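Please read the structure below before turning to the comments.
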Amino acid sequence: MPSSVEPETRPENLPKKALWVGGLDGGVYVQVIESGDSYLGTVFEPKTGNVWYSGTFRYTGDTPFDPFSQDSYTGWDGDILYLSNGQQLISQEKSH
């Protein structure tokens, strides 16, 4: 189940639509949009709002999900955004 324990202080430089993905042990902010047969997204460092990853994600499922809903995401491991539907968005290129 997704957790929404967002830090008390949100970096000012984050896009307003960036979603918190994480829990008590930490997390990141993400912004993802659908782009044809893939997804484009940005993962932001939680304290500074700096970009950790920006690029294309490959979706491992075939069931639609809402990329604009915080409840769609459960975590980020540095390469993969884990989704609450059991599927994943896998980063396809690095731009750190």
Side-chain angles (χ1 to χ4, degrees):
M1 178 173 192
S3 178
S4 60
V5 183
E6 185 172 351
E8 291 182 24
T9 306
R10 180 182 172 99
E12 292 182 18
N13 59 328
L14 282 176
K16 291 183 182 193
K17 293 186 178 185
L19 304 172
W20 173 252
V21 175
L24 294 173
D25 62 345
V28 295
Y29 290 94
V30 301
Q31 189 169 21
V32 177
I33 61 168
E34 192 170 1
S35 177
D37 60 353
S38 64
Y39 291 83
L40 299 176
T42 305
V43 178
F44 301 92
E45 197 277 333
K47 292 182 180 168
T48 66
N50 292 336
V51 173
W52 268 352
Y53 172 82
S54 182
T56 305
F57 288 90
R58 180 178 55 83
Y59 181 47
T60 61
D62 55 9
T63 305
F65 76 98
D66 182 359
F68 303 109
S69 172
Q70 185 172 17
D71 290 339
S72 292
Y73 305 95
T74 60
W76 164 255
D77 73 0
D79 291 311
I80 299 170
L81 270 170
Y82 295 92
L83 304 176
S84 57
N85 67 2
Q87 299 301 314
Q88 303 171 348
L89 288 173
I90 301 172
S91 61
Q92 299 299 293
E93 56 207 38
K94 293 287 184 182
S95 65
H96 308 247

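These numbers were taken from a predicted model, which means no experiment stands behind them.
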Exercise for review: Identify, with sequence neighbours excluded, every residue that meets salt bridge (Lys or Arg N to Asp or Glu O under 4.0 Å) alongside R58.
Suggested key: none
For the [atom1] atom of [X] and the [atom2] atom of [Y], what is their distance to the nearest 0.5 Å?
X: D71; Y: L83; atom1: CG; atom2: CG; value: 12.0 Å
X: I33; Y: F68; atom1: CD1; atom2: CZ; value: 6.5 Å
X: L81; Y: Q88; atom1: CG; atom2: CD; value: 9.5 Å

Point to revise | Listed partners of F57 passing ring-ring contact (aromatic ring centres under 6.0 Å, His included), at least two apart | key: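 Per chain and number, F57 pairs via ring-ring contact (aromatic ring centres under 6.0 Å, His included) with Y53.
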Taking every non-hydrogen atom, the tightest pair across [X] and [Y]:
X: K16; Y: R10; result: O-NH2, 3.5 Å
X: G27; Y: P46; result: O-CG, 3.2 Å
X: I90; Y: I80; result: CG1-CG1, 4.1 Å
X: G75; Y: V21; result: N-CG1, 3.4 Å

Practice item. With sequence neighbours left out, write down each residue that passes side chain to side chain contact (heavy atoms under 4.5 Å, CB included) with T56, or none if nothing qualifies. Key: S38, L40, Q92, E93
**Study point:** Qualifying residue for ring pair (Phe, Tyr, Trp, His ring centres under 6.0 Å) with Y29, from W20, W52, Y73, W76
**Key:** W20
For [X], enumerate each residue passing the side-chain hydrogen bond (donor to acceptor under 3.5 Å, both in side chains) test, keeping only those at least two apart in sequence or located in another chain.
X: D77; value: Y82
X: Q87; value: T60
X: Y39; value: none

Exercise for review: For residues F44 and P15, determine if any side-chain heavy atom of one lies less than 4.5 Å from a side-chain heavy atom of the other.
Suggested key: yes
Exercise for review: Check for a donor-acceptor pair, side chain of S72 on one end and backbone N or O of P67 on the other, with a separation under 3.5 Å.
Suggested key: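 Side chain of S72 to backbone of P67: no pair is present.
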